[in-house]
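As the structure is a computational prediction, the values presented were derived from the model and not from experiment. Here is the naming used below: chain letters follow the sequence lines, and residue numbers restart at 1 for every chain.
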Amino acid sequence: MISPAMTRQSSASKIRLPGKLVPRAFFEHPPEQVAPLLLGKLLVRRIEGRQPRNERIVAGRIVEVEAYLGPHNDPPDPAAHAHRGPTPRNAVLFGPAGHAYVYSIYGMHYCMNISCEPAGRAGCVLIRALEPVAGLREMARNRGLDPGVAARELTGGPSRLCRALGLTRAAHNGVDLLAARSPLQVRDDGFAVAEYCVTPRIGITHAADRPLRFALPGHGCVSGPRSLTGARVICVG
DNA sequence: ACTCGGATTCTCT
DNA sequence: GAGAATCCGAGTA
């Protein structure tokens, strides 16, 4: 008898993760600097099978992010969870860089961020949209959608992508994204971004005009593509 | 203890 | 374009 788990992944050897882990120093900088550099990187969720060799991955390429600044900044960023200082909820943001800050919102969704700045300072980048690159069927299943739906429906939105990757606060808040054995990682496969858009952040009421949202121009997975029209475009290099 | 509102998404009009 | 769903952290008392 052959189970789906056995046929899903070749049992020949351990799964090969795409690209290489991003170095910690990449995130030890202000989030408004890190955010645009994060575009094009991969967010990889590793899922264990019954046997170690049955591990599988669900992964997406980052195509939209927002920066949220720590309380040491002038002017401050009142839209950021960290802006009033450390609390039990936002503790991860004041810890070392490159860790996942996953919080629940509206009682039914999660959003996922990556901590920035050296330990002791807060700041983070919110991941707002991915382009699915691996585990598409599992993403659709996690989202309760039919396989074959538009990629944007899978991972175009901060809570959609958490659902697609199976991310929760209980399981993933505080996870080190830059360790070889981590179940959730940020990796670089060499994808080069030629240009990106800069716009105000979405869905906030404070500091709503600051240009701290970054996205790949014209990418179909970006949430609210209309919000990119007329946006300033920055050429890389 | 109690209130308030949110870094959203989905459905319906 | 509007409204509902639904819970917990943070601020105030």
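Side-chain contact between A/Leu165 and A/Met139 is present, with at least one heavy-atom pair separated by less than 4.5 Å.
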Heavy-atom protein contacts under 4.0 Å, nucleotides 2-13 of chain C, coded B base, S sugar-phosphate only, - none: ---BBB-SSS--
Watson-Crick or G-U pairs under 3.5 Å in DNA chain B, rendered as dot-bracket with [ ] for crossing pairs and | for another strand: ||||||.|||||.
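One interatomic measurement links the two molecules: CG of A/Leu161 to P of B/dT8, which rounds to 11 Å at whole-angstrom precision. For the pair A/His83 NE2 and B/dA7 C1', the interatomic distance rounds to 14 Å; values are reported in whole Å. Computed from coordinates, the A/Asp209 CG to B/dA7 C1' distance equals 16 Å when rounded to whole Å. Counting to the nearest Å, the C1' atom of B/dG6 and the OH atom of A/Tyr68 are 11 Å from each other. Whole-Å rounding puts the A/Ile127 CD1 to B/dT8 P distance at 14 Å. Spacing between atom CD1 of A/Ile202 and atom P of B/dG6 amounts to 15 Å, rounded to whole angstrom units. In this structure, A/Glu64 places its CD atom 13 Å from C1' of B/dT8, rounding to the nearest Å.
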Sequence neighbours left out, cut at 3.5 Å: what donor-acceptor pairs do the side chains of residues 95-113 of chain A make with other protein atoms?
| residue | atom | partner | partner atom | Å |
| --- | --- | --- | --- | --- |
| A/His99 | ND1 | A/Gly174 | O | 3.2 |
| A/Tyr101 | OH | A/His81 | ND1 | 2.7 |
| A/Asn113 | ND2 | A/Tyr101 | O | 3.2 |

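Of the possible polar contacts, one joining the A/Arg187 side chain to the A/Gly19 backbone as a donor-acceptor pair under 3.5 Å is found.
Here A/Arg56 pairs with A/Glu138 in a salt bridge; the nearest charged N to carboxylate O distance falls below 4.0 Å.
A/Leu126 is not connected to A/Val92 by any chain of hydrophobic side-chain contacts under 4.5 Å among Ile, Leu, Val, Met, Phe, Trp and Tyr, and they are in different clusters.
Annotation: the span from A/Ile204 atom CD1 to A/Asp209 atom CG amounts to 8.5 Å, rounded to 0.5 Å. To the nearest 0.5 Å, atoms CG (A/Leu228) and CZ (A/Arg213) are separated by 5.0 Å.
Neither OP1 nor OP2 of B/dA7 sits under 4.0 Å from any side-chain N or O of A/Arg160.
Nearest-nucleotide assignment on DNA chain B puts the 5′-proximal partner with A/His206, out of A/Leu145 and A/His206.
Comparing the P positions of C/dG1 and B/dA7 gives an interatomic distance of 23 Å, to the nearest angstrom.
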Steps toward side-chain hydrogen bond (donor to acceptor under 3.5 Å, both in side chains) verdict (A/Arg53, A/Gln51): CA-CA 5 Å; A/Arg53 60 164 162 268; A/Gln51 307 289 332; 5.0 Å; no
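Note on A/Arg163: nothing from the nucleic acid sits closer than 4.0 angstrom, heavy atoms only.
With A/Ser223 as the fixed residue, the side chain to side chain donor-acceptor pair (under 3.5 Å) test singles out one of A/Arg152, A/Arg160, A/Glu64: A/Glu64.
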